[in-house]
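To start, the structure itself, in structure tokens.
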Amino acid sequence: MIQSTQLDGGTRVVLETVPNTEAASIGFWQIHGSRDETAEQAGYTHFLEHMLFKGTRRRTAYEIAQAVERVGGYLNAFTEKEVTCFYCTLPGEHLELALDVLADMFLEASLDPREIEKEKTVVLNEIGAADDNPDEKGHQLYIEQLWGRHPLSRKITGENADVLRIHREPLEAFYRSR
């Protein structure tokens with residue numbers, strides 16, 4: 001049975017019990033995706049997804065990964081045009097740990113300028129790999145023809161020039177607004 005509750009602050013909690021399993025999964029879904037960016041913010045949502053793994057006020061990037069992996073868990077995220085999701089699957093007795101790590105990442109990202117500069121290379125490589133993939137390139141061309149100048153036509157990652165323009169202050173303002 002699926003249960004849904006809306007908290008006072010507007011957050012919706014959706015729970016589903018799956019009998020006879022010892023694993024638990026939790027996801028933080030943000031109803032903001034790349035389509036919600038202005039032209040000047042192109043690529044911010046995806047870049048911010050990456051940066052939330054790079055450290056918080058309480059945890060380094062290594063500590064974020066280690067907290068979940070040491071109990072046999074898996075932590076990941078994805079950005080789409082209409083949503084961004086951070087999720088964790090781990091043994092059920094560690095659900096509170098998953099909630100703590102995800103909340104820490106989601107609410108307390110440090111956005112270290114040195115990490116921002118390093119992550120630009122990672123995202124630029126992702127863009128290059130997609131541009132070298134005929135299926136992805138063809139799909140992007142189709143989307144651009146379909147949507148024209150609408151934000152849905154843009155790449156989720158942004159273009160190389162968009163990524164190179166990312167700096168801490170505007171990225172932090174974007175993060176806080178989300």
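One-based numbering along the sequence shown.
Between the side chain of E144 and the backbone N or O of L141 there is no donor-acceptor pair closer than 3.5 Å. A donor-acceptor pair under 3.5 Å is absent between the side-chain atoms of R165 and the main chain of N160, judged by distance alone. Using modelled atom types, no side-chain atom of S153 and backbone atom of I143 make a donor-acceptor pair closer than 3.5 Å. With hydrogens and angles ignored, the 3.5 Å screen pairs no side-chain donor or acceptor of N133 with any backbone N or O of A129. Distance alone, capped at 3.5 Å, is enough to place a donor-acceptor pair between the D36 side chain and the G33 backbone. Judged by distance alone, the side chain of D131 and the main-chain N or O of G128 form no donor-acceptor pair under 3.5 Å. Of the possible polar contacts, one joining the H150 side chain to the L152 backbone as a donor-acceptor pair under 3.5 Å is found. The backbone N or O of A130 lies less than 3.5 Å from no partner atom in the side chain of K155, so there is not a single donor-acceptor pair. A donor-acceptor pair under 3.5 Å is absent between the side-chain atoms of E69 and the main chain of Q66, judged by distance alone. In this structure a side-chain-to-backbone donor-acceptor pair under 3.5 Å is missing from T21 to V18.
L48 places a side-chain heavy atom less than 4.5 Å from the side chain of L111. Under the 4.5 Å side-chain criterion, counting only non-hydrogen atoms from C-beta, L95 is in contact with I26. Inter-residue side-chain proximity for D112 and M51 is flagged as unmet; no heavy-atom pair is nearer than 4.5 Å. Side chains of Y74 and L90 form no contact here, defined as non-hydrogen atoms less than 4.5 Å apart. Residues V14 and S4 form a side-chain contact, since some pair of their non-hydrogen atoms from C-beta on lies under 4.5 Å apart. Side chains of Q30 and V83 form no contact here, defined as non-hydrogen atoms less than 4.5 Å apart. Between I116 and K120 the shortest side-chain heavy-atom distance falls below 4.5 Å. Under the 4.5 Å side-chain criterion, counting only non-hydrogen atoms from C-beta, H50 is not in contact with K54.
For the atom pair OH (Y44) and CZ (R178), the distance works out to 11.0 Å, reported to the nearest 0.5 Å. To the nearest 0.5 Å, the span separating CE on M105 from CZ on F53 amounts to 4.0 Å. Taking NZ of K137 as the reference point, atom CD of Q140 lies at 7.5 Å (rounded to 0.5 Å). In this structure, the separation between CD on E169 and CD1 on I166 is 13.0 Å, given to the nearest 0.5 Å. From Y175, atom OH reaches atom CZ of F47 across 14.5 Å, with rounding to the nearest 0.5 Å. With rounding to the nearest 0.5 angstrom, the CD atom of E172 is 11.0 Å from the OG atom of S177.
T79 and E49 share a donor-acceptor pair across their side chains, judged by distance under 3.5 Å alone.
Residues I156 and L52 do not share a hydrophobic cluster, defined by chaining ILVMFWY side chains whose heavy atoms lie under 4.5 Å apart. Linking ILVMFWY side-chain heavy atoms closer than 4.5 Å, directly or via other members, places I127 and V122 in two distinct hydrophobic clusters. In the hydrophobic cluster analysis, where Ile, Leu, Val, Met, Phe, Trp and Tyr join through side-chain heavy atoms closer than 4.5 angstrom, L75 is grouped together with L99.
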How far apart are the C-alpha atoms of F78 and W29, what are their side-chain angles, what is the distance that settles it, and do they pass the ring pair (Phe, Tyr, Trp, His ring centres under 6.0 Å) test? CA-CA 10 Å; F78 60 87; W29 289 76; 5.5 Å; yes

Test side-chain contact (heavy atoms from CB on, under 4.5 Å) on V163 and E119; report intermediate values, then the result. CA-CA 9 Å; V163 173; E119 202 60 26; over 6 Å; no

Report the C-alpha separation of H46 and E126 in whole Å, then their side-chain angles, then the decisive distance to 0.1 Å, and conclude whether the side-chain contact (heavy atoms from CB on, under 4.5 Å) test is met. CA-CA 11 Å; H46 176 256; E126 280 185 34; 3.1 Å; yes

Steps toward side-chain contact (heavy atoms from CB on, under 4.5 Å) verdict (I31, E82): CA-CA 6 Å; I31 311 302; E82 296 185 348; over 6 Å; no

What verdict does the side-chain contact (heavy atoms from CB on, under 4.5 Å) test give for H32 and T45, after you've listed the backbone C-alpha separation in whole Å, the side-chain angles of each residue and the deciding distance to 0.1 Å? CA-CA 8 Å; H32 291 285; T45 304; 5.6 Å; no

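With respect to the salt-bridge test (charged N to carboxylate O, under 4.0 angstrom), the residues E117 and R114 do not qualify.
More than 12 non-hydrogen atoms from other residues, nucleotides or ligands lie less than 6.0 angstrom from CD of Q6. Within a 6.0 Å radius of CD in Q145, other residues, nucleotides and ligands contribute 12 heavy atoms or fewer. Within 6.0 Å of the CD atom in E22, the count of heavy atoms belonging to other residues, nucleotides or ligands does not exceed 12. Counting heavy-atom neighbours within 6.0 Å of R176 CZ, excluding the residue itself, gives a total above 12. When the shell of 6.0 Å around CZ of R12 is examined, it contains more than 12 heavy atoms from other residues, nucleotides or ligands.
Heavy-atom minimum distance, A67 versus V101: CB-CG2, 3.9 Å. Minimum heavy-atom separation, C88 to V68: SG-CG1, 3.7 Å. For the pair R154 and S34, the tightest heavy-atom approach, listed with the atom from each and the gap, is NH2-O, 4.1 Å.
Under the 6.0 Å cut-off for aromatic ring centres, F28 and Y87 do not qualify, their centroids lying 6.0 Å or more apart.
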